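Bear in mind the structure is a predicted one, so any value in this text is a computation, not a measurement. Numbers here are sequence positions counted from 1.
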Amino acid sequence: MKIRNVNLETVCGITSTFPENEYPEIAFAGKSNVGKSSLINALMNRKALARTSAQPGKTQTVNFYRIDAIADQPSDSGETKKYDLYFVDLPGYGYAKASATSVDQWGKMIERYLHTSKQLKAVFLLIDIRHDPSANDCSMYEWILHNGYSPIIIATKADKINRSQLSKQIKVIRTKLAVESGTIIIPFSAVSKQGRDEIYETIDEVLEDRT
């Protein structure tokens, strides 16, 4: 997949009505400061369209990015396949300094999106590869499953550990989350762009299978 154009089309707060988009949606969830905005920027080939910050809890809205992309390779007929879709950036969870009221509202907002979107095709759950998944990570994984989706795991900040540790840390993530059999886990680095092509390929497969 090659991204041609992107646009932050819709920003939804706690009381907003979510848009009824006509194109498929790919959602990204993860705890605060896991690198979600950096991942989305890397996928969109933009430096700062999704706001990044050293301060956790920056994403407090549901952000819809309109994506115009084409396939890497022509189809068998020689035509270049075109993709129209949305990346949906969900609020970060596990932000310790957020009030209990805010956390509850963000949780309800995410749940409302998962329940009401008619175009949601897949949910990517981001986990920091350097650490064991937290209780919040485990809860979010189970919650996404409960809402009818099998999360695809992205193990972020892969450049922060030695390559020799990758397999071990991925195994830790599988074990701690007790992931379903066949769950995809993709190591990713926003610095080196490791894993970006695999994420593109996974999105391609999701769109082919579920459109």
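For E205 and Y200, the side-chain atoms include no donor-acceptor pair closer than 3.5 Å. The closest side-chain donor-acceptor pair between S38 and N41, if any, does not fall under 3.5 angstrom. Side-chain atoms of R196 and N45 include a donor-acceptor pair closer than 3.5 Å.
Looking at heavy atoms from C-beta onward, L114 lies in side-chain contact with L120 at the 4.5 angstrom threshold. Here the side chains of D137 and L125 are not in contact, with every heavy-atom distance at 4.5 Å or above. Counting heavy atoms from C-beta outward, D159 and Q194 have side chains that stay 4.5 Å or more apart.
The ring-ring contact (aromatic ring centres under 6.0 Å, His included) check on F188 picks up nothing, with sequence neighbours excluded. With sequence neighbours left out, K82 forms a salt bridge (Lys or Arg N to Asp or Glu O under 4.0 Å) with D68, D84.
Of the possible donor and acceptor atoms, none in the side chain of S16 sits under 3.5 Å from a partner among the backbone N and O of F18. E198 places no side-chain N or O within 3.5 Å of a backbone atom of G195 that could act as its donor or acceptor partner. Distance alone, capped at 3.5 Å, places no donor-acceptor pair between the R163 side chain and the A158 backbone. Counting only distance, with no hydrogens or angles, the side chain of T183 and the backbone of V179 share no donor-acceptor pair below 3.5 Å.
Between Y113 and E25 the shortest heavy-atom distance is OH-OE1, 2.6 Å.
The aromatic rings of F28 and F124 lie parallel to each other, with less than 30° between the two planes, well short of the 60° mark.
No more than 12 heavy-atom neighbours from other residues, nucleotides or ligands sit within 6.0 angstrom of NZ on K160. Summarising the local packing, NE2 of H146 is surrounded by 12 or fewer heavy atoms from other residues, nucleotides or ligands at distances under 6.0 Å.
Atom CD1 of I184 sits about 10.5 Å away from atom OG of S150, to the nearest 0.5 Å. In this structure, I67 CD1 and M1 CE are separated by 9.0 Å, a value rounded to the nearest 0.5 Å. To the nearest 0.5 Å, atom CD1 of residue I127 and atom CD1 of residue I173 are 6.5 Å apart.
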After noting the C-alpha distance and the side-chain angles of T61 and N63, does the key distance pass the side chain to side chain donor-acceptor pair (under 3.5 Å) rule? CA-CA 6 Å; T61 53; N63 301 329; 2.7 Å; yes
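Note on L8 and M44: same hydrophobic cluster, where clusters join Ile, Leu, Val, Met, Phe, Trp and Tyr whose side-chain heavy atoms are under 4.5 Å apart, directly or indirectly.
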